[in-house]
Amino acid sequence: MSTQSQSVTLPTGDKITYSIDERDVLYPRLTLNPDGTLAVIVPPETPGHTVVANEQEWIASKYESQQNDLTSILDKYGIITENFTLWGKSYILQERIGQHEVKIESNRLILTAPPDYSAVNYLKKKIKQALATAIETIADSFCQQLNQDYEKITIRSQRTKWASCSGQDTLNFNLRCAFLPITHLQYLVAHEVTHLVEQTHNKNFWEVLRSFLPDYETVKNELQGFWYAVHHNSQWMSFLDTSHP
């Protein structure tokens, strides 16, 4: 059983929205979501509000860390939590009626579709195609250097990861990767391609990755902040909720 969203004001003055979900679990569990909201899971008949009150210090610490990562990204790359961000740059999204077309003019992303067709679904289709092309191009280059092959590339709206590599040598990428600058997408592809030769993050894994991208640490360290940024972008969250696969 879930309760309606409520809020708690932390000692720092920050206000966080939270919801309480009663489940058949033994112990309470708190999760700070990437959009800054708090998920509270408690055993039946456990007062969730008391759990929140008792864990304010932990919540405040996690929230401060999340906000620091997010602020660092916004300071460097601009207010990418507003408008529609594509490849690390924010655009004003404009929808028009007409023949299918997606184009960029200055700071505007102009999306044209017939009146009987979802313009956002068309945009999702085109972004997915563009992302697949970019990933394949980058992956092929790295695979050639390693003399390795992947089975296929998939793009989905994964909830917890930017990317992964399955045991069947399938490279899986999150549609949210289109939010990132190309440099960060390049790192993610290099990371997953490296898993074709090293399944674990051992010393050799990082040495192989460094052979592709000698200065990968900066980009790697920024990915968490970008994860928070995309989840604070309301247009992207709405975009991901549309029905196109």
Side-chain angles (χ1 to χ4, degrees), residues 1-74 79-85 118 120-121 124 128 154-167 170 172-180 188 192 200-201 220-245:
M1 180 181 69
S2 298
T3 65
Q4 292 184 341
S5 294
Q6 301 190 43
S7 64
V8 59
T9 300
L10 302 176
T12 57
D14 295 305
K15 183 177 287 188
I16 293 182
T17 300
Y18 69 92
S19 59
I20 300 173
D21 187 8
E22 286 191 3
R23 297 185 189 176
D24 187 18
V25 296
L26 293 177
Y27 306 103
R29 183 167 73 244
L30 303 181
T31 302
L32 184 62
N33 298 318
D35 63 357
T37 61
L38 183 70
V40 184
I41 299 174
V42 295
E45 301 182 8
T46 299
H49 305 297
T50 302
V51 173
V52 171
N54 291 339
E55 295 295 336
Q56 283 198 28
E57 184 176 342
W58 178 90
I59 297 168
S61 175
K62 290 293 184 181
Y63 185 76
E64 180 182 16
S65 176
Q66 183 181 106
Q67 289 300 301
N68 287 341
D69 286 344
L70 176 60
T71 299
S72 177
I73 291 299
L74 300 184
I79 310 301
I80 56 174
T81 50
E82 298 178 4
N83 297 319
F84 191 85
T85 297
S118 168
V120 175
N121 274 342
K124 179 176 280 190
K128 195 171 183 179
T154 68
I155 297 175
R156 301 186 179 94
S157 183
Q158 299 161 304
R159 293 188 177 275
T160 60
K161 294 181 178 181
W162 287 114
S164 63
C165 178
S166 72
T170 296
N172 308 295
F173 292 89
N174 198 317
L175 183 58
R176 292 168 176 81
C177 289
F179 183 90
L180 296 168
L188 288 171
E192 302 313 326
T200 61
H201 294 141
K220 174 180 178 290
N221 293 336
E222 289 180 343
L223 286 173
Q224 191 63 59
F226 272 107
W227 187 254
Y228 298 144
V230 69
H231 286 89
H232 278 77
N233 186 303
S234 60
Q235 290 196 23
W236 254 90
M237 291 299 95
S238 176
F239 170 73
L240 291 169
D241 284 340
T242 54
S243 60
H244 192 278

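What you see is a predicted model; the values in this text were computed from it and never measured.
- To the nearest 0.5 Å, atom CD1 of residue I155 and atom NZ of residue K128 are 6.5 Å apart.
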Give every donor-acceptor pair under 3.5 Å between a side-chain atom in residues 60-68 and any protein atom, sequence neighbours left out.
| from | atom 1 | to | atom 2 | distance (Å) |
| --- | --- | --- | --- | --- |
| Q66 | OE1 | G36 | N | 3.4 |
| Q66 | NE2 | N33 | O | 3.1 |
| N68 | ND2 | E64 | O | 3.3 |

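- At a threshold of 4.5 Å between non-hydrogen side-chain atoms, the residues L188 and L223 count as touching.
- Residues forming a side-chain contact (heavy atoms from CB on, under 4.5 Å) with T71 (at least two apart in sequence, or on another chain): D75.
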Return all side-chain donor-acceptor pairs below 3.5 angstrom for residues 226-237, not counting sequence neighbours, or 'none' if the list is empty.
| from | atom 1 | to | atom 2 | distance (Å) |
| --- | --- | --- | --- | --- |
| Y228 | OH | Q224 | NE2 | 3.4 |
| H231 | ND1 | W227 | O | 2.7 |
| H231 | NE2 | R176 | NE | 3.4 |
| H232 | ND1 | P34 | O | 3.4 |
| H232 | ND1 | Y228 | O | 2.8 |
| H232 | NE2 | D35 | O | 3.3 |
| N233 | OD1 | Q235 | N | 3.1 |
| N233 | OD1 | W236 | N | 2.9 |
| N233 | ND2 | I80 | O | 2.9 |
| N233 | ND2 | N83 | O | 3.1 |
| W236 | NE1 | T85 | O | 2.7 |

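- Residues forming a side-chain contact (heavy atoms from CB on, under 4.5 Å) with S118 (at least two apart in sequence, or on another chain): V120, N121.
- Atom-to-atom distance recorded for L240:CG and N174:CG is 7.5 Å, nearest 0.5 angstrom.
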Apply side-chain contact (heavy atoms from CB on, under 4.5 Å) to the pair V42 and D21, showing each step before the final yes or no. CA-CA 6 Å; V42 295; D21 187 8; over 6 Å; no

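- Considering only residues two or more places apart in sequence or on other chains, R156 meets the side chain to side chain donor-acceptor pair (under 3.5 Å) condition with T154.
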Verdict with supporting geometry, I20 and V51, side-chain contact (heavy atoms from CB on, under 4.5 Å): CA-CA 10 Å; I20 300 173; V51 173; over 6 Å; no

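- Under a 3.5 Å cut-off, the side chain of K15 and the backbone N or O of S7 do not form any donor-acceptor pair.
- Considering CG of L30 and CD1 of I41, their distance stands at 9.0 Å, rounded to 0.5 Å.
- Atom OG1 of residue T37 and atom CG of residue L32 lie 7.5 Å apart, to the nearest 0.5 angstrom.
- Judged as a side chain to side chain donor-acceptor pair (under 3.5 Å), and not counting sequence neighbours, the contacts of D14 are T12.
- Remark: S164 engages N172 in a side chain to side chain donor-acceptor pair (under 3.5 Å) (not counting sequence neighbours).
- Partners of P43 according to the side-chain contact (heavy atoms from CB on, under 4.5 Å) rule, which considers only residues two or more places apart in sequence or in another chain, are V25, P28, T46.
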